Chemist: 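Would you mind keeping the following structure in view while I ask a few things?
Owing to the predicted nature of the structure, the values given are computational and were not obtained by experimental measurement. A note on names: the letters A, B, ... follow the listed sequences, proteins ahead of strands, and every chain is numbered from 1. When reading the values below, keep in mind they use all heavy atoms of this one structure, side chains included, and skip hydrogens, waters and symmetry mates.
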There are 2 protein chains.
Amino acid sequence: MRLTKKGDYALRAVIQLASADGVPKSISHLSKVGAIPRNFAAKILKELANAGILKSYAGKNGGYRLAKSAEEISFREIIEAVEGPIIINRCIEDSSDCSRVGFCRMYDAWMTTQRKVVDLLDGVRISEIIDKKIDTFSVG
Amino acid sequence: MRLTKKGDYALRAVIQLASADGVPKSISHLSKVGAIPRNFAAKILKELANAGILKSYAGKNGGYRLAKSAEEISFREIIEAVEGPIIINRCIEDSSDCSRVGFCRMYDAWMTTQRKVVDLLDGVRISEIIDKKIDTFSVG
DNA sequence: TCGATTGTGTGAATTATTTCACACAATATT
DNA sequence: AATATTGTGTGAAATAATTCACACAATCGA
């Protein structure tokens with residue numbers, strides 16, 4: 001019932017890039033400034049790019065930048081990109097996993113709760129974080 | 001970002017007991033009917049009792065029953081009883097864990113989101129599940 | 001072409017979760 | 001009181017998930 005470090009790292013990186021004005025930032029830089037282990041950062045950034053949140057540029061002066069505007073990127077999108085779909089209870093994901101299919105009275109309740117939580121996280125946009133400018137500088 | 005099996009099991013047991021009209025049900029029975037490994041069930045039920053959600057009765061014909069009404073028991077309460085406090089992001093729980101304390105722009109956003117999620121889960125009451133009577137019988 | 005950069009795949013280390021065993025304490029029924 | 005039944009508490013084995021390192025391939029810019 002908590003965000004993994006991977007998800008946290010992903011958020012940090014995206015926040016960082018949202019403040020970069022479209023200039024690509026390298027894995028090493030994002031790793032350093034976000035306190036993310038280098039190779040783990042590489043894997044995470046790659047996944048964010050696969051999800052269409054970031055865009056990668058290879059070669060010198062390359063790196064990652066946002067693939068769309070900060071208004072269009074939500075907490076949910078980032079979290080799901082690296083952690084997989086937000087599934088509040090397994091039974092929603094794969095009911096074959098549950099021997100009680102068909103007569104479990106919890107299913108509807110979970111479906112409803114699930115949707116509410118996802119909507120909630122979908123409502124939190126990266127732009128909201130960025131707008132709260134803090135003079136201390138950088139690190140998302 | 002998902003409920004553990006332990007939390008799921010806890011919910012099942014409570015739902016089951018909420019339909020038992022105050023008659024104590026044994027660990028073995030709850031284990032069987034809820035498809036919960038026996039000793040794991042014992043541990044979970046004990047924790048629910050410690051949290052004041054259930055009440056235990058030793059001896060023959062003993063077992064567990066609700067300690068209060070189904071209206072007073074929420075998803076949040078049950079989940080927190082067995083999984084510990086719902087902490088959506090570690091930094092909220094223990095900021096010393098984060099090297100970025102003081103200049104991280106995410107903290108406020110997490111605090112707000114955290115509160116919303118907890119409120120949401122607190123709003124889901126066991127009675128809601130029970131009220132949706134299903135003829136198929138039992139197992140929460 | 002050279003050097004800096006990203007992409008990929010494997011797997012190990014670490015941590016968390018899940019499961020269970022075992023010995024003991026408490027209670028109710030007879 | 002005896003006995004069967006229930007819960008209590010500790011801990012540890014088994015599994016699964018998470019986190020990260022390493023090595024090398026591919027790509028771009030100058």
Chemist: Report the residues that fulfil side chain to side chain contact (heavy atoms under 4.5 Å, CB included) with A/Ala67, sequence neighbours left out, ordered by chain and then residue number.
Modeler: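 A/Ala67 satisfies side chain to side chain contact (heavy atoms under 4.5 Å, CB included) with A/Lys55 once adjacent residues are dropped.
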Chemist: Taking the side chain as C-beta and beyond, is there a heavy-atom pair between B/Trp110 and A/Asp8 under 4.5 Å?
Modeler: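 Touching, per the 4.5 Å side-chain cut-off.
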Chemist: Distances for protein N/O vs nucleotides 19-25 of chain D N/O pairs under 3.5 angstrom?
Modeler:
| from | atom 1 | to | atom 2 | distance (Å) |
| --- | --- | --- | --- | --- |
| D/dT19 | OP1 | A/Lys5 | N | 2.7 |
| D/dT19 | OP1 | B/Arg90 | NH2 | 3.4 |
| D/dT19 | OP2 | A/Lys6 | N | 3.2 |
| D/dC20 | N4 | A/Lys43 | NZ | 2.5 |

Chemist: Rounded to whole Å, please give me the gap between CG in B/Leu45 and P in D/dG9.
Modeler: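 Answer to the nearest Å: 13 Å.
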Chemist: How close or far is atom C1' of D/dG7 from atom CG of B/Asn61, stated in whole angstroms?
Modeler: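 The answer, rounded to whole Å, is 14 Å.
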Chemist: Mind calculating the distance between CG (B/Leu30) and P (D/dT6) to the nearest angstrom?
Modeler: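 Spelled out: CG on B/Leu30 to P on D/dT6 is 11 Å.
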Chemist: Roughly how many Å is it from NZ in B/Lys46 to P in D/dT10, rounded to a whole number?
Modeler: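 Nearest whole value for this atom pair: 7 Å.
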Chemist: Applying side chain to side chain contact (heavy atoms under 4.5 Å, CB included), can you list everything that pairs with B/Lys68, at least two apart in sequence or on another chain?
Modeler: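 Partners of B/Lys68 under the side chain to side chain contact (heavy atoms under 4.5 Å, CB included) test: B/Glu72, B/Ile73, B/Glu77.
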Chemist: Measure from CZ on A/Arg65 to P on C/dT5 and round the result to the nearest Å.
Modeler: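 About 18 Å, once rounded to whole Å.
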Chemist: Could you state the NE2-C1' distance from B/His29 to D/dT5, rounded to the nearest angstrom?
Modeler: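 Atom NE2 in B/His29 sits about 16 Å away from atom C1' in D/dT5.
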Chemist: Just to be sure I understand the geometry, which residues of residues 49-60 of chain A put a non-hydrogen atom under 4.0 Å away from DNA chain C?
Modeler: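 By residue number: A/Ser56, A/Tyr57, A/Ala58, A/Gly59.
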Chemist: Quick test of your reading: applying salt bridge (charged side-chain N to carboxylate O under 4.0 Å, His left out), list the pairs with at least one residue in residues 31-53 of chain A, sequence neighbours left out, ordered by first then second residue.
Modeler: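 Those involving residues 31-53 of chain A are A/Lys6-A/Glu47.
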Chemist: Distance check needed: D/dG7 P versus B/Leu48 CG, whole Å only.
Modeler: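 Rounded to whole Å, this separation is 13 Å.
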Chemist: May I have all residue pairs that pass salt bridge (charged side-chain N to carboxylate O under 4.0 Å, His left out) and include part of residues 115-127 of chain A, sequence neighbours excluded?
Modeler: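 Sorted result for residues 115-127 of chain A: A/Arg76-A/Asp122.
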Chemist: What residues form a side chain to side chain contact (heavy atoms under 4.5 Å, CB included) with B/Ala81, not counting sequence neighbours?
Modeler: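 Residues passing side chain to side chain contact (heavy atoms under 4.5 Å, CB included) with B/Ala81: B/Leu48, B/Ala51, B/Ile53.
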Chemist: Does anything in residues 15-57 of chain B form a ring-ring contact (aromatic ring centres under 6.0 Å, His included)? List the pairs, not counting sequence neighbours.
Modeler: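 Checked against ring-ring contact (aromatic ring centres under 6.0 Å, His included) - neighbours excluded - the pairs reaching residues 15-57 of chain B are B/Tyr9-B/Phe40.
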Chemist: Between atom CG in B/Asn89 and atom P in D/dT18, what is the gap in whole Å?
Modeler: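 B/Asn89 atom CG is separated from D/dT18 atom P by 15 Å.
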Chemist: Apply side chain to side chain donor-acceptor pair (under 3.5 Å) to A/Thr4 and list each qualifying residue two or more places apart in sequence or on a separate chain.
Modeler: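 Scan of A/Thr4 (side chain to side chain donor-acceptor pair (under 3.5 Å), adjacent residues dropped) gives A/Glu83.
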Chemist: Can you tell if the side chain of B/Phe75 reaches within under 4.5 Å of the side chain of B/Leu120, non-hydrogen atoms only?
Modeler: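 Result no, sub-4.5 Å side-chain heavy-atom pair not found.
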